There are 2 protein chains.
Amino acid sequence: MHHRHSYWKDKLKGSGCRLTLPRRVIFEVLNSTTKHLSAEDIYFMIHKKYPGIGLTTVYRTLDMMVRMGLVDKFDFGDGHSRYELLEAQDKQHHHHLICTKCGKVVDYTDFIKEEIALVKQTEEGLSKKYNFKINSHVTQFYGLCDKCKK
Amino acid sequence: MHHRHSYWKDKLKGSGCRLTLPRRVIFEVLNSTTKHLSAEDIYFMIHKKYPGIGLTTVYRTLDMMVRMGLVDKFDFGDGHSRYELLEAQDKQHHHHLICTKCGKVVDYTDFIKEEIALVKQTEEGLSKKYNFKINSHVTQFYGLCDKCKK
DNA sequence: AATATTAATGAAAATGATTTTCAATAGCAA
DNA sequence: TTGCTATTGAAAATCATTTTCATTAATATT
Ligand SMILES: [Mn+2]
Ligand SMILES: [Mn+2]
Ligand SMILES: [Zn+2]
Ligand SMILES: [Zn+2]
């Protein structure tokens, strides 16, 4: 985790960017949660302690982190983009299970091995057949969670 | 295809809805394309012949068709929701391959058999483990198409 | 066919997430 | 410190989509 810290900071500096307070704070929020936060979520989470940091900056910072490949941006269909630190903590590549009623999101890695194998194979086939250079994929399951089922 | 026409019309009427000109026109557009159109796309496609049909109605009609389970709504990440008639023509369940540069979308069904099998199996496992009732899934590959690669 | 009922429509206004603008600020290299 | 300029915050702008509301038209009834 410590090497990751320096890693992203170095990466910032390496591309002529500055290490600012908002950037450090926003990174820390993402690094210490398991949730899938929206820009507004983050804004409110830090606003008490850092009232000087504006929502605009949250958006800009998240956007930058996405471009740096540090953060993943998701759309779960509720009108708010959500962000998640890549390779954070013990996190690995995973897919999502989303409750369409309450918005609950589950990261699952259970069947990821088989999925990854199939995905890799599919990617290869598709790349060849359609001449695409595939960079990423998204798999999401939508449904109703435990509580919302009844 | 003829039975499909009557099918959706019957479904409409069955739920107390009226069969109006905008609805017929919008259905026809979706039924005669292989593309993934946005509300605005549809609006402009019909505007010359039917200048009386407003964008609001296009949105409303698409929304209704989605609720009826007649149309699928997708977000390919370009800021416009896109719509596709379900089970239209020779179309089957399929996944998408999206060029992040030019927006080209490919429907592919090549590896769908294996995918479907895995998806079904994954759904079962996830349903059990997380107590979700899974209703749908989305799988999309992002990359660069033939032309945009270079 | 004429009429009554009310779902559906279109224009305009509102919404709300995200982006842009721009003058002020703060990293950081020298 | 100083100077350069990337970054910031506030306010305004953008833009896809939704809401409002008076009008219209689909359909059931006469
Ligand atoms: Mn996740
Ligand atoms: Mn498709
Ligand atoms: Zn739920
Ligand atoms: Zn392309």
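Only a predicted model underlies this, so the values are computations on that prediction, with no experimental measurement involved. In what follows, chains are A, B, ... by sequence order, proteins preceding strands, each numbered from 1.
- Ser38(A) comes within contact range of no nucleotide atom at all, as no heavy-atom separation falls under 4.0 Å.
- The separation between Asp78(B) atom CG and dT19(C) atom P is 13 Å, rounded to whole Å.
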(Q) Evaluate Ile46(B) against Glu28(B) for side-chain contact (heavy atoms from CB on, under 4.5 Å), listing each step before the verdict. (A) CA-CA 10 Å; Ile46(B) 65 183; Glu28(B) 262 323 305; over 6 Å; no

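- The distance between atom OH of Tyr43(A) and atom P of dG16(C), rounded to the nearest whole Å, is 17 Å.
- Within 4.0 Å of Arg60(A), counting heavy atoms only, lies at least one base atom of the nucleic acid.
- Contact footprint of chain A on DNA chain D: nucleotides with an atom under 4.0 Å from a non-hydrogen protein atom, first to last in 5' to 3' order, dT5(D) to dA11(D).
- When the side-chain nitrogen and oxygen atoms of Tyr59(A) are compared with OP1 and OP2 of dT18(C), one or more of them lie within a distance under 4.0 Å.
- The side chain to side chain contact (heavy atoms under 4.5 Å, CB included) test applied to Val66(B) returns Val71(B), Lys73(B), Tyr83(B), not counting sequence neighbours.
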Worksheet item: Can you list the steps and then say if Tyr108(B) with Tyr130(A) is a side-chain contact (heavy atoms from CB on, under 4.5 Å)?
Response: CA-CA 9 Å; Tyr108(B) 72 88; Tyr130(A) 297 106; 3.9 Å; yes

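- Looking at heavy atoms from C-beta onward, Asp10(B) lies out of side-chain contact with Lys13(B) at the 4.5 angstrom threshold.
- Atom-to-atom, CD1 of Ile53(A) to P of dA26(C) comes out at 12 Å; the value is rounded to the nearest Å.
- Listed candidates were dT9(C), dA7(C), dT18(C). Nearest to the side chain of Thr61(B) is dT9(C).
- Summary of the strand contacts: His80(B) and Cys17(A) both lie near DNA chain D, and taking for each the nucleotide with the nearest heavy atom, the more 5' one is attributed to Cys17(A).
- One can place CE of Met65(B) at 12 Å from P of dA8(C), the figure rounded to the nearest angstrom.
- Between the base of dA7(C) and the side chain of Arg18(B) there is a donor-acceptor pair shorter than 3.5 Å.
- Of the residues listed (His80(B), His95(B), His96(B)), the one engaging Phe74(B) in a ring pair (Phe, Tyr, Trp, His ring centres under 6.0 Å) is His96(B), and it is the only one.
- An OP1 or OP2 oxygen of dG27(C) is reached within less than 4.0 angstrom by no side-chain nitrogen or oxygen of Lys13(A).
- Summary of the strand contacts: Arg24(A) and Leu55(B) both lie near DNA chain C, and taking for each the nucleotide with the nearest heavy atom, the more 5' one is attributed to Leu55(B).
- Mapping Met64(A) and Pro51(A) onto DNA chain D by nearest heavy atom places Met64(A) at the nucleotide closer to the 5' end.
- Computed from coordinates, the Glu40(A) CD to dT19(C) P distance equals 14 Å when rounded to whole Å.
- Note on Thr56(B): a base of the nucleic acid sits closer than 4.0 angstrom, heavy atoms only.
- Considering all non-hydrogen atoms of both residues, His137(A) and His93(A) come closest at NE2-NE2, 3.4 Å.
- Interatomic distance, Asp146(B) CG to Phe132(A) CZ, rounded to the nearest 0.5 Å: 8.5 Å.
- Between the CD1 atom of Ile26(B) and the P atom of dA8(C) there is a distance of 13 Å, rounded to whole Å.
- Counting any heavy atom pair closer than 4.0 Å across all strands shown, Leu19(A) reaches sugar-phosphate atoms only and no base atom.
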